[in-house]
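Structure first, commentary second.
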Amino acid sequence: MKFNALGLAFVTVAMYTAPAVAHHSFAMFDASKTMTVEGTVKEFHWTNPHSWIFLTVADTKGQSAEWAIEMGSPPGLLRQGWEPKTLTPGMKVKVLIRPLKDGKVGGQFLAVTLPDGKQLGDPSTAGQPAATNP
């Protein structure tokens, strides 16, 4: 009985501390810059704590690179009009992001323009500093 109580206590503590350990700051993104990338959706991950857009983008030499674009959580995206199937593989989109500071491909999501011209996200945040813990 003593072992079961100890095991239950450990599992309970692990459940509540894991999300805190897993969360990170947005210091890897350059809050002073924004850029628009155009490409084809490879994957859209509707996951907690952050959703992701994986976008295939051609560089100036015509070579393709996969960009990982970090978004907010699904509940926040739902409030902005998103659904799990808003982006589908093969869809051509324009995404406004804050790029990674290290120059690698990827960034923090600000807004997207869908093929029909509909815009989701908040492009007005482009001039605002990145939140440290959204």
Side-chain angles (χ1 to χ4, degrees):
M1 183 71 169
K2 193 174 189 182
F3 178 72
N4 286 340
L6 183 60
L8 180 60
F10 176 76
V11 169
T12 302
V13 169
M15 283 178 25
Y16 287 102
T17 58
V21 171
H23 204 94
H24 60 86
S25 77
F26 286 87
M28 75 278 270
F29 303 113
D30 189 342
S32 68
K33 296 179 184 173
T34 61
M35 63 185 295
T36 300
V37 291
E38 294 185 47
T40 304
V41 175
K42 180 178 179 186
E43 297 177 40
F44 177 47
H45 293 192
W46 185 264
T47 57
N48 273 313
H50 298 276
S51 295
W52 291 85
I53 301 170
F54 293 94
L55 197 64
T56 303
V57 179
D59 65 16
T60 56
K61 298 175 184 172
Q63 299 295 316
S64 293
E66 185 176 310
W67 287 60
I69 301 168
E70 187 170 0
M71 305 177 74
S73 68
L77 293 173
L78 279 170
R79 288 189 295 272
Q80 295 174 15
W82 287 80
E83 297 176 358
K85 298 292 181 189
T86 298
L87 298 178
T88 56
M91 184 180 280
K92 296 196 182 304
V93 296
K94 294 178 187 177
V95 186
L96 178 66
I97 64 168
R98 287 191 178 100
L100 290 166
K101 284 182 180 177
D102 65 8
K104 293 181 181 174
V105 294
Q108 179 187 22
F109 173 83
L110 296 174
V112 66
T113 303
L114 302 176
D116 65 2
K118 181 178 179 179
Q119 202 170 58
L120 293 169
D122 188 0
S124 69
T125 60
Q128 304 298 317
T132 54
N133 278 320

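Model, not experiment: these values are computed from the prediction.
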**Request:** Please assess D30 against R98 for the test side-chain contact (heavy atoms from CB on, under 4.5 Å), listing each intermediate value before the final yes or no.
**Result:** CA-CA 6 Å; D30 189 342; R98 287 191 178 100; 5.9 Å; no

If I compare all heavy atoms of [X] with all of [Y], which pair ends up nearest, and what's the gap?
{"X": "G72", "Y": "L77", "result": "O-CD1, 3.8 Å"}
{"X": "I97", "Y": "G106", "result": "CD1-O, 3.7 Å"}
{"X": "K92", "Y": "T40", "result": "NZ-OG1, 3.1 Å"}
{"X": "M35", "Y": "W67", "result": "CE-CH2, 3.8 Å"}
{"X": "S64", "Y": "T56", "result": "CB-CG2, 3.9 Å"}
{"X": "V105", "Y": "L100", "result": "O-CD1, 3.7 Å"}

**Request:** May I have the step-by-step check of side-chain contact (heavy atoms from CB on, under 4.5 Å) for V41 and F54, ending in yes or no?
**Result:** CA-CA 6 Å; V41 175; F54 293 94; over 6 Å; no

**Complete:** d(H50 NE2, Q108 CD) to nearest 0.5 Å is 9.0 Å

**Complete:** dist T86:OG1 -> M91:CE (nearest 0.5 Å) comes out at 8.0 Å

Are any of the side-chain heavy atoms of [X] and [Y] separated by less than 4.5 Å?
{"X": "L87", "Y": "L114", "answer": "yes"}
{"X": "T47", "Y": "P74", "answer": "no"}
{"X": "L96", "Y": "T36", "answer": "yes"}

**Request:** Please answer whether the main-chain N or O of S51 pairs with a side-chain N or O of H45 as donor and acceptor at a distance below 3.5 Å.
**Result:** no

**Pair E70-W52, side-chain contact (heavy atoms from CB on, under 4.5 Å): steps then yes or no** = CA-CA 5 Å; E70 187 170 0; W52 291 85; 3.6 Å; yes

**Prompt:** So V37 and I69, side-chain contact (heavy atoms from CB on, under 4.5 Å) or not? Walk me through it.
**Reply:** CA-CA 10 Å; V37 291; I69 301 168; 4.2 Å; yes

**Message:** Classify the ring geometry of W46 against F44: parallel below 30°, tilted from 30° to 60°, perpendicular beyond 60°.
**Reply:** perpendicular

